[in-house]
J.: 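Dropping a structure here in structure tokens format, bear with me for questions.
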Amino acid sequence: MRGSRARDARGPMFRPVSARPDFVAQEHELLREWAERKTFARLRAQNEGHPRWSFLDGPITANNPMGVHHAWGRTYKDLYQRFHAMLGEDQRYQNGFDCQGLWVEVNVEKALGFTSKRDIEAYGIAEFVRLCKQRVLTYAARQTEQSIRLGYWMDWNDPAELLRLRDLMDQDPGQQATIQGAHGPVTDTVEMLVGRLGMPEVGGSYFTFSNENNDLIWGFLAECHRRGWVYRGHDTMPWCPRCGTGLSQMEMNEGYADREDPGLTVRFPLVDRPGEALLVWTTTPWTLAANVAAAVGEDLAYARVRQGDDVFWLAKGTLKQALRGPFTVLEETTGKTLEGWRYTGPFDALPAVEAAFAEAGYEHRVVLWDQVGEAEGTGIVHVAPGCGAEDYQLGRSAGLPIFGPIDEDGRYYEGFGWLTGKEAPEAAEDVVSDLEQRGFFYHLEPYAHRYPHCWRCSTPLLFRLVDEWYISMGPVYDQPRETLTPEQVDASLRYQIMEAVDRIRWFPAFGHDREIDWLLNMRDWMISKKRYYGLALPIFDCQECGTFDVIGGREELRARAVEGWDQLEGHTPHRPHVDAVRIACPNCGAPTARIADVGNPWLDAGIVPFSTIHYREDPEYWAKWFPVDLVTESFPGQFRNWFYSMLAMSTVLRREPPFKALFGYATLYGEDGRPMHKSWGNAIEFDEAAERMGVDVIRWMYASARPEDNILFGWHAADEARRGLLVLWNVYAFFVTYARLAGWTPASGAPAVAERPPLDRWILSRAAGTVSAVEARLREFDAEGATRVLGAFIDDLSTWYLRLSRRRMSRSTGADRDAAFATLHAALAGLARTVAPILPFLSESMYGNLVAGVDPAAPESVHLSGWPAAELEPLRDEALEDAMALARRAVDLSRTVRGQAGLKARQPLARLWLALPGREVGELDALLELVRAEANVKEVALIGDESALVDRGVKVLLPKVGRRLGAKIPAVMAAAREGRFEIHQDGAVTLEGETLAADEVEVQATPRPGTAVAHDDGLVVVIDTTLTPELRAEGDARELGRAIQDLRKEAELDLDDRIELWLDGVGRELDPYLAPVVADTLADVVRRERPPEGLAEAVVRLEAGEARIAVRRAGA
RNA sequence: GGGGGAGUAGCUCAAUCGGUUAGAGCUGCGGGCUUAUAUCCCGCUGGUUCCAGGUUCGAGUCCUGGCUCCCCUACCA
């Protein structure tokens, strides 16, 4: 139990630690403890007023429970904030929820069973918007709980309070309520309280539906308008007939998918050439009702062909692909000839078509268009300016009549005869059969292509003539950026944004170029949506004189309102209340209403560097925290979404970047490399992952992932990560186990570090180096590099330090034992603090036991303990680290050599010869002793590489001499391989008559065939394979020792149980070597006789023959 | 359709300025060490470096052509 500290005369002792930890249970316990002790609040208080580190959270859409992919980003967000907190820096800790827009609307519609916008209007916009807000509160509460579970330390709202507001809103949004704010209770109507979430007086997460957020976007839009950048576009836009809204360019990219459409070839009879017709191809038959012209390429070759009784015109290059059946070419000409030819359109009789043509005084004719090609179709393009953006452009420049055939649900308008009221895409079949009956049909075959779909509801998009609102991005100059004049940049917002982009550090670095690329290519920003729940665009459009104005804030609106203010008073600035307000048109004075449109949701997220840092209410505060030090999000999509909108808005408002660094990461997939999908069985819910994997394991997986690569997330990957953490845990568990046995605590004392053996000083140096390397990596947002550094240290600690020091802790006494305990304790405590930002639970558990539990003066949480770099730095000794690396490699080589010679590691050998690379090695004697013990040899002898024990080899440094030697290279290399060379006094080498200077070759020791030798980078190890009877006997004794230990384990004896030992069939030649075995195995009594029945016993195969052994707990 | 990037062991990825025997980790198999370990160590298996040409003493690397995949971008009918 935590808190129940064992105490004896020496003070508190470590609490026992299981070697089979339940990480998940431990995490829950620590969450409770942090909550009880208010650890996070204490951390904030501890750093208050210190130098600042400003992190800005990208809002998570509060529309569903949080997924494991969100946990990836939230791991980064939390670990960098924790790291900077340990550096003592003051932070804001404000989470954000993205609240407005189609995401939420679609889900609420689904819940209500709605299928169209008419359903919403019938239901009531006010009610609908209220349900949208309630949904946001529901999932904000849910995601808050999940984030807390992840260990994410933020200034969270109490989830229960969010749900209470939701329920109060459900009863009556107008009722008064009180919530506990940051500085005391706050009372307001429920609706307004919700609108004030995240504000300074309320605290907690920010919500993009807040009054302040909406208000500041109004200010931004008004500023754009002041500069003349806001305009209304009358254009043909991609349109989702289900959602009843246009899509911006940013949204278009999400929804491309393969689709099959009817590829229809129709005939347009020529008015002035009886019996002849143009052949025209389209994949959208429903647009034929809006046909206005047929376009041909001016210089393209066209042919007049006869097929039976028919004569057709089409591009020469398309004859084979477009025509069915035999044909005869009658004539060839260029597109220019066809210009102006009149033809009969397929739906000329429809009233709407007649009216549009009559108004324009126009008849169907052939026009020239440079975009016409022959790759598909007939080389004659059906032009419907009301049904396609390019058609629209052509229509405008050629002065053609422009009319759109469909309404916002995708149904034909009045005036389209039998088509009226039909859904346009579904009408295709009827259109085809109608054309067949009326003689316009030529051919139909399915056509597969990539077609845009609504990214939200997957409905195929239509192209529809609408009014939308835009922010102009300014001209694109056809010249390199560096040659632009300041005047040119001042005239183009996109280049101003690019200047901000240049001033930001992008991780990974390609982000910079990708953002610039987007800015160069993007069109004007479409900011309107014909929907209900979202930012109310503050554009007031006078129906009398056509002037529009943009209102910059709620107060301005109040001041300028001439009617309807009372209906908005007391409400958040959402539809429908805001729709009631009228202002006086600045031009003609007429009462003017707001346009019905709501805003693009990226406006909501883009303003947060201002709204959430109180740009308007507290400029001094804002200036302290802006620009922020870091934003981080998954990068797919965000270069054109959040990153873009923040950059654009900050550039307009401040002409400076809103953040100094951006860290982006890729996409999360299932373990099988495919997107997570419930029906594919590879999806993992966050809650399930947290409770089965443990969040520290999850965080370690995420932190160690390469952020620019997609991550494959799954149970196997989690098991692998857990194995790594268990190594750390077991080192810790070992320490605690033996420290408790020995009664050692930090209060027991230990020799000064300088007095400890090199191995101790080495691991302390490694700990110090690890902290500083981790710090350097985390300062550069390189969590992956940090985990690699930590992993290497854990490996060193476990497989080298602990393995070599184990006996000092389990069997030694006095200063040597204390030095080992103190060293391992310091290494583990330092490691716990270093790993704390990444593994907040595991580190807290270790620290709580190793430090806080035994030292009342220490900070009570690892997260309050500060970054340990400065404390550990004096322990650094890089020369010792280099030397140790060499020693470890020598031991590895000795094992390789033993393997070659068939000698077990347990078999002592008389001698090991070692040739070191030329450089200086510090503390040589101590290290050689270490190698001796670890390699299990009686003596280590140093040899030079000229020793008779090894051959010498020559490595030709090709990069240096390759150019000079040229064609002689193969012969020279062969000579080097075969040992045909002469080494001169000065180090030069002659091969095949070519003399190479000393710096052009590397002379190295190589194994001589037939000896047990291994080498690596100048290091050579040779062993004496001769076994004397004494060595064999000693080896047998050690084998016996191992077998006894096995038996103890098998008999489930405690580590400190004394035993009685039976050795049957063990020869007297082993006697000189049995003393350490008896001591190690804690044997009080040794009986050289057959063991009695019923004991734990085993048969051991020794060099000297089989022996039977048995153990029994002493006194049992 | 346009632009960019990448194809190397069963999987994930290295390989300096072109340098001669293409390496790691994971997986698999064999062996070893160990009363902290679920670990670790050693070895083995595994390669047409996408394909076809070219340049060079030498090509995974450079050049040409093709194939495949990924990313960015894009309503050509």
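In what follows, every chain begins at residue 1, and chains take the letters A, B, ... in the order their sequences are listed. Fair warning: this is a prediction, and the values are worked out from it, not measured in the lab.
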J.: Taking atom types as modelled, find out whether A/Asn710 and A/Tyr665 have a side-chain donor-acceptor pair closer than 3.5 angstrom.
T.: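 Checked: A/Asn710/A/Tyr665 side chains show no N/O donor-acceptor pair below 3.5 Å.
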
J.: Phosphate oxygens OP1/OP2 of B/A36: is one of them under 4.0 Å from a side-chain N or O of A/Tyr732?
T.: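 So the side chain of A/Tyr732 is outside the cut-off, no N or O lying under 4.0 Å from OP1 or OP2 of B/A36.
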
J.: Which part of the nucleic acid, if any, lies within reach of A/Arg806 when heavy atoms closer than 4.0 Å are counted: base, sugar-phosphate only, or nothing?
T.: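 Result for A/Arg806 = base.
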
J.: Using distance alone, with no hydrogens and no angle criterion, decide if A/Thr287 and A/His382 have a side-chain donor and acceptor under 3.5 Å apart.
T.: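 Looking only at side-chain atoms, A/His382 and A/Thr287 do form a donor-acceptor pair, the distance falling under 3.5 Å.
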
J.: Before you tell me yes or no, could you show the steps for A/Leu850 and A/Phe735 under side chain to side chain contact (heavy atoms under 4.5 Å, CB included), namely the whole-Å CA-CA distance, both residues' side-chain angles and the distance that decides it to 0.1 Å?
T.: CA-CA 10 Å; A/Leu850 293 175; A/Phe735 169 81; 3.5 Å; yes

J.: I'd like the C1' distance from B/A38 over to B/A6, given in whole Å.
T.: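 It comes out at 37 Å once rounded to the nearest Å.
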
J.: For the residue pair A/Phe510 and A/Phe639, does the interplanar ring angle fall in the parallel (under 30°), tilted (30 to 60°) or perpendicular (over 60°) class?
T.: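 Ring orientation, 0 to 90° scale: tilted.
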
J.: Indicate the ring-plane relationship of A/Trp744 and A/Phe821, choosing parallel, tilted or perpendicular according to the 30° and 60° boundaries.
T.: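 Parallel, since the angle between the ring planes stays under 30°.
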
J.: A/Leu802 near the nucleic acid: base, sugar-phosphate alone, or nothing, with a heavy-atom cut-off under 4.0 Å?
T.: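 The residue A/Leu802 makes base contact.
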
J.: Answer yes or no: side-chain N or O of A/Ser798 and base N or O of B/A36 forming a donor-acceptor pair under 3.5 Å.
T.: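 Flag set: donor-acceptor pair detected.
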
J.: Using atom NE2 of A/His382 as one end and atom C1' of B/A77 as the other, report the distance to the nearest whole Å.
T.: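 Checked: the NE2 to C1' distance equals 8 Å.
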
J.: So A/Asn521, base contact, sugar-phosphate only, or nothing? Heavy-atom distance under 4.0 Å.
T.: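 Answer is nothing: A/Asn521 stays at 4.0 Å or more from every strand.
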
J.: Which pairs, protein N/O on one side and nucleotides 1-10 of chain B N/O on the other, fall under 3.5 Å?
T.:
none

J.: Using the test ring-ring contact (aromatic ring centres under 6.0 Å, His included), find all partners of A/Tyr442 that sit at least two apart in sequence or belong to another chain.
T.: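 Partners of A/Tyr442 under the ring-ring contact (aromatic ring centres under 6.0 Å, His included) test: A/Phe312.
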
J.: What is the nucleic acid contact for A/Arg20, judged by heavy atoms within less than 4.0 Å: base, sugar-phosphate only, or nothing?
T.: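 Since a base atom lies under 4.0 Å of A/Arg20, the category is base.
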
J.: Taking any heavy-atom pair under 4.0 Å as a contact, classify A/Thr283: base, sugar-phosphate, or nothing.
T.: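 A/Thr283: backbone/sugar contact only, no base atoms under 4.0 Å.
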
J.: Select one nucleotide: of B/A38, B/A77, B/C40, the one nearest the side-chain heavy atoms of A/Leu726.
T.: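 For A/Leu726, the side-chain atoms sit closest to B/A38.
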
